Amino acid sequence: MGVVVVAAGSGTRLGADRPKAFVELAGATLLHHAVRGVLASGPDEVVVVVPEVRVAEAQSAIRSLVGSGPATTTVVPGGAERTDSVAAGLAALSPAVDVVLVHDAARCLTPVEVFERVLAALALGAKGAIPGLPVVDTIKVVDAGGMITDTPRRSSLRAVQTPQGFDREVLAAAHASGSTATDDAALVEALGHGVVVVEGDERALKITTPEDLARAERLLGSTRD
Ligand code: C5P
């Protein structure tokens, strides 16, 4: 099993002076937390995708984390969109890898149980499996003018997370289509493959704003409310 960790975003909404994955949370970068979580899932290979100017820095940070563990790790530069970064990571996996998980470094506190649920669904034969949580708000679909065009039934909605797992050939074909999307499942769905949603976890939140960072710190128990 191979994992592509995408960490090449700028993280503008966090308002930091560096790319989001290099911001610190409780004394370690988001990237450090994310890769540590990924390694706990027992991958054969990990490819980390970072901004081009951060490749050397990420290589040395990851070397210290991996130590003498069994996983092969590679760091490659990302692209303009998340989809480009995932494609760059996929291309760097060795041909032996037949199952791929794609994980956002921004979801750096994702517990190992989530990785395990995704892998278990793939082992049962799913071509794609992604974690998700029921939504608490009622979601509206609106047009460009803000007028509501649809109100999907809340019970049928899931807020999805990463890691998103796929049969490698299916994911590669989805990326070869040249489309872009905010998650990989959308590309695979567009090819007509079934993707199953397994139970996600609140701790797999995507750190996007300073408030999310504060919430992640509380989850880590490093600050008090
Ligand atoms: O921008 P967004 O919040 O969707 O980013 C989700 C993940 O994708 C983050 O971990 C971010 O670093 C990564 N990303 C990337 N390359 C980009 C844009 C986002 O690796 N060009």
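None of the values given here were measured: they were computed from a predicted structure. Just so you know, ligand 1 is whichever comes first in the structure, and atom 1 is the first atom listed for that ligand. Position 1 is the first residue of the sequence; numbering continues from there.
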Roughly how far, to the nearest 0.5 Å, is CG of Asp104 from CG of Leu205?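 Answer rounded to 0.5 Å: 11.0 Å.
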
Counting non-hydrogen protein atoms only, what is the nearest one to [atom]? Give residue, atom name and distance.
atom                    : value
atom 3 (O) of ligand 1  : Lys206 NZ, 2.9 Å
atom 13 (C) of ligand 1 : Val6 O, 3.8 Å
atom 7 (C) of ligand 1  : Asp104 OD1, 3.3 Å
atom 20 (O) of ligand 1 : Ala8 N, 2.8 Å
atom 12 (O) of ligand 1 : Gly9 N, 2.9 Å

Taking 4.0 angstrom as the limit, do Lys127 and Glu169 come out as a salt bridge?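 Not counted as a salt bridge, because no side-chain N and carboxylate O are separated by less than 4.0 Å.
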
Within the structure, is a non-hydrogen atom of Gly78 found at a distance of less than 4.0 Å from ligand 1?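 It does not; every heavy atom stays at 4.0 Å or beyond.
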
Can you tell me if Arg107 contacts ligand 1 (heavy atom of the residue under 4.0 Å from the ligand)?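 Judged by the 4.0 Å heavy-atom criterion, Arg107 does not count as contacting ligand 1.
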
I need the atoms of ligand 1 closer than 4.0 Å to a non-hydrogen atom of [X], numbered in the order shown.
X      : answer
Ala105 : 10 (O)
Gly79  : 17 (C), 21 (N)
Glu81  : 17 (C), 21 (N)
Ala106 : 10 (O)

Which is it for [X] and ligand 1 at heavy atoms under 4.0 Å: side chain, backbone, both or neither?
X     : answer
Ser85 : side chain
Arg13 : side chain
Ala80 : backbone

Regarding Gln164 and Thr162, do their side chains bring together a donor and an acceptor under 3.5 Å, going by distance alone?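 The answer is no; no qualifying pair exists.
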
Would you tell me whether His193 and Asp167 have side-chain atoms, one donor and one acceptor, within less than 3.5 Å of each other?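 The criterion, which ignores hydrogens and geometry beyond distance, is not satisfied for Asp167 and His193.
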
With side chains defined as the heavy atoms from C-beta onward, is the minimum distance between Pro131 and Val160 less than 4.5 Å?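 No; the side chains remain at least 4.5 Å from each other.
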
With a 4.5 Å limit on heavy-atom distance, are the side chains of Val48 and Leu31 in contact?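 Yes - at least one pair of side-chain heavy atoms lies under 4.5 Å apart.
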
Applying salt bridge (charged side-chain N to carboxylate O under 4.0 Å, His left out), can you list everything that pairs with Glu57, at least two apart in sequence or on another chain?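 Partners of Glu57 under the salt bridge (charged side-chain N to carboxylate O under 4.0 Å, His left out) test: Arg54.
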
Pairing residues for Ser94 by the side-chain contact (heavy atoms from CB on, under 4.5 Å) criterion, not counting sequence neighbours: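 side-chain contact (heavy atoms from CB on, under 4.5 Å) check on Ser94 returns Glu45, Ala96, Val97.
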
With salt bridge (Lys or Arg N to Asp or Glu O under 4.0 Å) as the criterion, how do Arg82 and Asp183 come out once you've worked through the C-alpha distance, each side chain's angles and the decisive distance to 0.1 Å? CA-CA 8 Å; Arg82 183 185 181 282; Asp183 82 342; over 6 Å; no

